[in-house]
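Data block below; observations after.
When a ligand or atom number is given, it counts from 1 through the structure's own listing order. Not measured: the values here are computed from a predicted model.
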Amino acid sequence: MAPTLTPDASAAGTFTLGGDLTVHRMGYGAMRLTGKGVWGPPADREEARRVLRRAVELGVDFIDTADSYGPDVNEEIIAEALHPYPEGLVIATKGGLERPGPGQWTPNGRPEHLRQVCEGSLRRLKMESIDLYQLHRIDPEVPFADQVGVLQELHDEGKIRHVGLSEVGVDEIRRAREHLPVVSVQNQYNLSQRQWDDVVDYCGEEGIAFIPWFPLATGKLSSEKALDEVATRHGATPSQVALAWLLHRSPTMLPIPGTSQIAHLEENVAAAGLQLTDDEVRTLAATVTD
Ligand SMILES: NC(=O)c1ccc[n+]([C@@H]2O[C@H](COP(=O)([O-])OP(=O)(O)OC[C@H]3O[C@@H](n4cnc5c(N)ncnc54)[C@H](OP(=O)(O)O)[C@@H]3O)[C@@H](O)[C@H]2O)c1
């Protein structure tokens, strides 16, 4: 009989972002703590706060959010639930993707906009400096140097400590690194969607955190039949196998599964302690496709 998994984020080991921010390799993505279409407040704001507090109790010390989740609401709830923040908790936020309405996302990388939203995040999160500020999207309409230039200025002013990028290829990461250090990359990636394999490998080689968004393929992997056999063997669930596969995929992988439910949070965090064999990892990669 396989041992029962304990929800403890520290079982995933640690990764150090930018040389000075050490976090457990199982994080939490807070985007689901909003209304439908990532718009407006969640149906039960107090429950959202409980989810965040429980995540921290379980050893999660890396939480991902963005000014555009709600918009604003997600960052406000994080501050309501967790401020004053415990020592060592890293809250990573993002800017550069605007929300004209529910389910709508528009890049805006104009320097004045990036400065304004970063300052808004600082206010909502009640922080003097943001540990990790991620450019949510590169805006093709704005010169790239202007977008990274304002991030460098915000860094020099002490408003952000480290910079990350989102949904970028290797060439874009290299171009950004000509201007400033990039400590993390957040791209869509999971067992069934591996279009960014080359970026995962590049980040692994360069010591850059790879933060996979949609790590559970928005929950679809929780009912993926191809995961059942491995899950049963380990006394685990398909979601846990999918998350353990990510942790195994690269030592710089930092999953941020999202959920609005404490039961799912506990299940997902418990995947930190699930060890797959190399053979299982290979077989899963060969059998699970989009
Ligand atoms: N950089 C970007 O462009 C970008 C884009 C999207 C997301 N993100 C970030 O990535 C994070 C993760 O992405 P995500 O939350 O959209 O997708 P996800 O983690 O792949 O899946 C979340 C969905 O799966 C369900 N779920 C979670 N755990 C489950 C479990 N154990 N069993 C069954 N269902 C489960 C959740 O429903 P319940 O709420 O009912 O549990 C939710 O609907 C976000 O929170 C956000 O921080 C970034």
Side-chain angles (χ1 to χ4, degrees), residues 5 7 26-39 42-44 47-48 50-52 54-55 58 60 62-71 73-75 77-78 90-99 103-109 121 132-139 164-168 172 184-193 195-196 199 209-224 227-228 231 236-246 253-272 274 290:
L5 294 165
M26 180 61 80
Y28 172 68
M31 186 183 82
R32 300 281 160 185
L33 305 179
T34 51
K36 199 170 161 18
V38 198
W39 190 257
D44 185 344
E47 180 62 9
R50 273 194 288 273
V51 170
L52 286 158
R54 184 70 182 135
L58 298 177
V60 169
F62 182 80
I63 296 178
D64 180 72
T65 181
D67 67 76
S68 52
Y69 298 164
V73 173
N74 206 237
E75 292 181 330
I77 293 176
I78 289 173
V90 173
I91 295 169
T93 192
K94 304 188 277 297
L97 201 53
E98 282 192 301
R99 305 300 308 286
Q104 297 173 43
W105 307 84
T106 315
N108 184 348
S121 291
L132 175 59
Y133 196 73
Q134 304 156 97
L135 183 61
H136 211 154
R137 288 292 181 278
I138 292 174
D139 184 344
L165 301 173
S166 177
E167 219 47 19
V168 286
E172 288 165 315
S184 68
V185 169
Q186 183 172 145
N187 284 7
Q188 183 178 12
Y189 189 83
N190 57 62
L191 183 50
S192 64
Q193 294 170 311
Q195 65 277 26
W196 291 118
V199 177
F210 184 91
I211 303 168
W213 61 266
F214 285 177
L216 294 170
T218 65
K220 292 189 197 81
L221 289 171
S222 64
S223 54
E224 170 61 58
L227 300 178
D228 280 349
T237 65
S239 299
Q240 290 173 326
V241 172
L243 294 171
W245 184 88
L246 284 170
M253 187 76 72
L254 180 41
I256 47 164
T259 179
S260 55
Q261 300 186 43
I262 287 181
H264 283 166
L265 172 76
E266 291 174 347
E267 178 184 336
N268 297 342
V269 172
L274 174 56
D290 203 0

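For the residue pair N74/T34, the side-chain donor-acceptor check at 3.5 Å is not satisfied. Under 3.5 Å, the side chains of W196 and E167 contain a donor-acceptor pair of N or O atoms. Judged by distance alone, the side chains of E224 and S192 never bring a donor and an acceptor atom under 3.5 Å apart.
Panel note: side chain Y69, backbone L33; no donor-acceptor pair is recorded below 3.5 Å. Formation of a donor-acceptor pair under 3.5 Å by the N190 side chain with backbone atoms of P215 is not found in this model. A donor-acceptor distance shorter than 3.5 angstrom exists from the side chain of N187 to the backbone of V168, with no hydrogens or angles considered. Under the 3.5 Å distance criterion, the side-chain polar atoms of Q134 are left unmatched by any main-chain donor or acceptor of L165. Between the Q240 side chain and the E267 main chain, a donor and an acceptor come within less than 3.5 Å of each other.
Using a 4.0 angstrom heavy-atom cutoff, R137 counts as in contact with ligand 1. Residue K94 places a heavy atom under 4.0 Å from ligand 1. Between Y69 and ligand 1 there is a heavy-atom distance shorter than 4.0 Å. At a 4.0 Å cut-off, not a single heavy atom of Q240 sits close enough to ligand 1 to count as contact. Distances from ligand 1 to the non-hydrogen atoms of E167 include no value under 4.0 Å.
The two residues S260 and V51 make their nearest non-hydrogen contact at O-CG2, 3.5 Å. Here the shortest heavy-atom pairing between N268 and S239 reads OD1-CB, 4.1 Å.
Of the candidates Q134, H136, H264, M31, the one placing a heavy atom closest to atom 30 (C) of ligand 1 is H264. For atom 17 (O) of ligand 1, the candidate residues are F214, Y28, W105; the nearest heavy-atom contact is made by F214. Scanning P212, A217, A263, G258 for the heavy atom closest to atom 19 (O) of ligand 1 points to G258. Scanning S260, A242, A271 for the heavy atom closest to atom 39 (O) of ligand 1 points to S260. Summarising the contacts of atom 1 (N) of ligand 1 with A66, S166, A30, the nearest heavy atom is found in S166.
Under the 30°/60° scheme for interplanar angles, the aromatic rings of Y189 and F210 are found to stand perpendicular.
The ligand atoms of ligand 1 that sit less than 4.0 angstrom from a heavy atom of D64 are 9 (C), 46 (C), 47 (O). Taking a cut-off of under 4.0 Å to the non-hydrogen atoms of S239, the atoms of ligand 1 that pass are 30 (C), 31 (N), 32 (N). Interface of G29 with ligand 1, defined as ligand atoms under 4.0 Å from a residue heavy atom, comprises 11 (C), 45 (O), 47 (O). Heavy-atom proximity to E267, at under 4.0 Å, picks out these atoms of ligand 1: 31 (N).
The side-chain hydrogen bond (donor to acceptor under 3.5 Å, both in side chains) test with S166 is passed by exactly one of Q186, K94, R137, Q188: R137.
For R99, there are no salt bridge (Lys or Arg N to Asp or Glu O under 4.0 Å) partners, not counting sequence neighbours.
Residue contacts with ligand 1: P257 is placed with no nitrogen or oxygen under 3.5 Å of a nitrogen or oxygen of the ligand (distance criterion only).
Contact annotation for S222 and ligand 1: only side-chain heavy atoms (C-beta onward) come within less than 4.0 Å of the ligand. Counting heavy atoms under 4.0 Å from ligand 1, residue N268 touches it through the side chain alone.
Counting protein heavy atoms only, atom 48 (C) of ligand 1 is closest to Q186 OE1, 2.9 Å. Looking from atom 12 (C) of ligand 1 to the surrounding protein, the closest heavy atom is I256 O, 3.2 Å. Considering only non-hydrogen protein atoms, atom 20 (O) of ligand 1 sits nearest to L216 N, 2.8 Å. The shortest contact between atom 16 (O) of ligand 1 and any protein heavy atom is with R32 NH2, 2.7 Å. The shortest contact between atom 38 (P) of ligand 1 and any protein heavy atom is with T259 OG1, 3.6 Å. With respect to atom 40 (O) of ligand 1, the closest heavy atom belonging to the protein is Q261 NE2, 2.7 Å. Shortest contact from atom 6 (C) of ligand 1 to any protein heavy atom: W213 CE3, 3.2 Å. Atom 25 (C) of ligand 1 has its closest protein heavy atom at G219 CA, 4.0 Å.
Distance check, rounded to the nearest 0.5 Å: OH of Y28 to OG1 of T65 gives 9.5 Å. One finds the CG atom of L246 at 11.0 Å from the CD1 atom of I256 (value rounded to the nearest 0.5 Å).
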